[in-house]
A.B. asks: 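Handing you this structure, nothing more for now.
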Number of protein chains: 2
Amino acid sequence: MQFDDKVPIYYQIKNYLYHRMVAGELGLGDKLPAVRQLAVDLTVNVNTVQRALREMIAEGYIAPQRGRGNFVTQDAAKIATLKQQLTTTYIQDLYGQLHALKLTDAEIIAEIKAYIQHRGDADD
Amino acid sequence: MQFDDKVPIYYQIKNYLYHRMVAGELGLGDKLPAVRQLAVDLTVNVNTVQRALREMIAEGYIAPQRGRGNFVTQDAAKIATLKQQLTTTYIQDLYGQLHALKLTDAEIIAEIKAYIQHRGDADD
DNA sequence: ACTAGTGTTATATCTTTCTATAACACTATA
DNA sequence: TATAGTGTTATAGAAAGATATAACACTAGT
């Protein structure tokens with residue numbers, strides 16, 4: 001994984017894991033990869049992984065079991081809420097940015113549609 | 001202005017000024033506020049402002065005149081390109097994020113429309 | 001010449017993030 | 001009861017970003 005050097009790595013790891021949870025790649029109650037394994041996979045230090053997990057644990061998305069591993073919460077509603085939160089936040093940010101650039105609502109939607117259209121010509 | 005503590009302040013200042021340039025609040029050839037004034041307005045150190053300006057100068061968006069002030073480039077095409085770049089980057093980011101959350105193209109557009117609709121009920 | 005307004009640069013110090021390394025604590029299984 | 005796999009914590013050092021403070025360089029108007 002490649003990181004944006006403008007944002008703390010531990011923070012990006014949090015978001016990465018949240019994404020995988022919301023996307024269902026890490027299901028309810030699933031065991032996460034071992035911290036040392038995550039550190040190797042992400043090419044970062046164990047402490048950095050732990051920093052991310054610590055916060056996710058504090059927020060209740062991950063339940064740690066000493067000696068056994070870290071597990072995704074069983075709370076489906078919590079994940080659903082997270083998905084909605086992330087979605088809204090991203091859209092809110094985009095809208096704020098483009099609005100600041102003086103694009104109208106119509107232009108914003110048009111630009112997005114154009115991007116998706118244009119994108120269909122390629123992969124995915 | 002309030003800063004996101006997850007991103008370097010100098011970097012946020014750059015984006016803030018780019019936005020103002022693209023939005024036309026800082027027109028072609030306009031003089032920017034004095035660096036010390038900017039520092040006061042943004043509640044930030046002069047060196048931090050200078051760090052942002054230095055990069056913008058290197059990128060050719062600002063032309064400094066020692067003893068007189070900093071001036072927005074006269075190159076209209078450069079600003080137009082910047083606007084397009086910023087717009088595309090933001091949309092690309094949003095799409096990438098929501099796609100990673102497993103939202104379909106249709107859902108993405110629907111969510112954005114819903115947000116804008118819902119937003120019309122309020123301010124602006 | 002002086003002065004006020006401007007950009008530019010430098011130093012020392014603090015905080016946050018990240019790293020390498022190591023040790024400690026617990027679980028499960030051979 | 002060893003041992004391998006796991007989470008947890010600590011220490012010391014490096015690097016980046018900000019800060020306060022100060023000095024230097026140039027321009028324009030008096």
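Basis for what follows: all heavy atoms, side chains included, without hydrogens, waters or symmetry-related copies.
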A.B. asks: If you only use heavy atoms from C-beta on, which nucleotide in dT19(C), dT8(C), dT19(D) is closest to the side chain of R66(B)?
C.D. replies: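 The answer is dT8(C).
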A.B. asks: Looking only at side-chain atoms of A34(A), point me to the closest of dG7(D), dG7(C), dT19(D).
C.D. replies: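 Between dG7(D), dG7(C), dT19(D), the one nearest the side chain of A34(A) would be dG7(D).
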A.B. asks: Measure from CZ on R51(B) to P on dA16(D) and round the result to the nearest Å.
C.D. replies: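 Value for this atom pair: 10 Å.
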A.B. asks: Both Q12(B) and P33(A) contact DNA chain D. Taking the nearest nucleotide for each, which residue is further toward the 5' end?
C.D. replies: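 Checking each residue's closest nucleotide, the 5'-ward one belongs to P33(A).
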A.B. asks: Please pick, from dT19(D), dA28(D), dA10(D), the nucleotide with the shortest atom-to-atom distance to any side-chain atom of R68(B).
C.D. replies: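 The closest nucleotide is dA28(D).
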A.B. asks: If you assign each of V35(B) and N45(B) to its closest nucleotide in DNA chain C, which residue comes earlier from the 5' end?
C.D. replies: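 Final value for this comparison: V35(B).
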A.B. asks: Nearest whole Å is fine: how far is dG7(D) C1' from L38(A) CG?
C.D. replies: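 In whole Å, dG7(D) C1' and L38(A) CG are 12 Å from each other.
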A.B. asks: Using 4.0 Å as the upper bound for N to carboxylate O, is an ion pair formed by E107(A) and K102(A)?
C.D. replies: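 Salt bridge flag = no for E107(A) with K102(A).
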A.B. asks: Rounded to whole Å, please give me the gap between CD in E55(A) and P in dT16(C).
C.D. replies: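 Going from E55(A) (CD) to dT16(C) (P), I get 13 Å.
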A.B. asks: With rounding to the nearest 0.5 angstrom, report the CG to CG distance, N47(B) to N45(B).
C.D. replies: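 It comes to 5.0 Å.
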A.B. asks: What is the distance, to the nearest angstrom, from the CD atom on Q65(B) to the P atom on dT8(C)?
C.D. replies: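 Taking atom P of dT8(C) as the reference, CD of Q65(B) is at 11 Å.
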A.B. asks: Within less than 4.0 Å of OP1 or OP2 of dT19(D), is there a side-chain N or O belonging to T48(B)?
C.D. replies: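 Yes.
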A.B. asks: Does the side chain of E59(A) pick up a donor-acceptor pair with the side chain of Y18(A) at under 3.5 Å?
C.D. replies: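 Yes, side-chain donor-acceptor contact under 3.5 Å.
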A.B. asks: Got a list of side-chain donor-acceptor pairs under 3.5 Å for residues 64-73 of chain A, not counting sequence neighbours?
C.D. replies:
| from | atom 1 | to | atom 2 | distance (Å) |
| --- | --- | --- | --- | --- |
| Q65(A) | OE1 | R68(A) | NH1 | 2.5 |
| T73(A) | OG1 | D75(A) | N | 3.0 |

A.B. asks: Given dT6(C), dT8(D), dG7(C), identify the nucleotide with an atom nearest to the side chain of K31(B).
C.D. replies: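 Of all the options, the side chain of K31(B) is nearest to dT6(C).
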A.B. asks: Measure from the side-chain heavy atoms of Q50(A) and tell me the nearest of dG7(D), dA20(D), dG7(C).
C.D. replies: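 Minimum distance to the Q50(A) side chain belongs to dG7(D).
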A.B. asks: Whole-Å distance between dG7(C) P and L53(B) CG?
C.D. replies: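 About 8 Å, once rounded to whole Å.
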A.B. asks: May I have the distance from D4(B) (atom CG) to dG17(D) (atom P), rounded to whole angstrom?
C.D. replies: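 Checked: the CG to P distance equals 15 Å.
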A.B. asks: Between G67(A) and V7(A), which has a closest nucleotide on DNA chain C that is more 5'?
C.D. replies: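 Upstream on the strand: V7(A).
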A.B. asks: When the nearest nucleotide of DNA chain D is assigned to V44(B) and to P64(A) on a heavy-atom basis, which residue is associated with the more 5' position?
C.D. replies: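 Looking at DNA chain D, the more 5' nearest nucleotide goes with P64(A).
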A.B. asks: So with a 6.0 Å cut-off around CZ of F3(A), is the heavy-atom count from everything else above 12?
C.D. replies: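 Yes.
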A.B. asks: Does dG7(C) have its OP1 or OP2 closer than 4.0 Å to a side-chain nitrogen or oxygen of N70(B)?
C.D. replies: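 Yes.
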A.B. asks: Working to the nearest 0.5 angstrom, can you tell me the gap between L82(A) CG and T87(A) OG1?
C.D. replies: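 Reported value, rounded in 0.5 Å steps: 9.0 Å.
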A.B. asks: Figure out the CG/C1' separation between L42(A) and dT19(C), and round it to whole Å.
C.D. replies: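 Nearest whole value for this atom pair: 15 Å.
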A.B. asks: Counting heavy atoms from C-beta on, name the nucleotide in dA10(D), dT21(D), dT17(C) closest to the side chain of N47(A).
C.D. replies: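 Of all the options, the side chain of N47(A) is nearest to dA10(D).
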A.B. asks: Between the side-chain atoms of D5(A) and the base atoms of dA16(D), is any donor-acceptor pair under 3.5 Å?
C.D. replies: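 A donor-acceptor contact between them is absent.
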A.B. asks: Specify the separation, in whole Å, of atom CD1 of I13(B) and atom P of dG17(D).
C.D. replies: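 The distance from CD1 of I13(B) to P of dG17(D) comes to 13 Å, rounded to the nearest Å.
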A.B. asks: Between the base of dG5(C) and the side chain of R36(B), is one N or O donor paired with an acceptor at under 3.5 angstrom?
C.D. replies: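 Looking at the base of dG5(C), it does not pair with any donor or acceptor on the side chain of R36(B) (distance under 3.5 Å).
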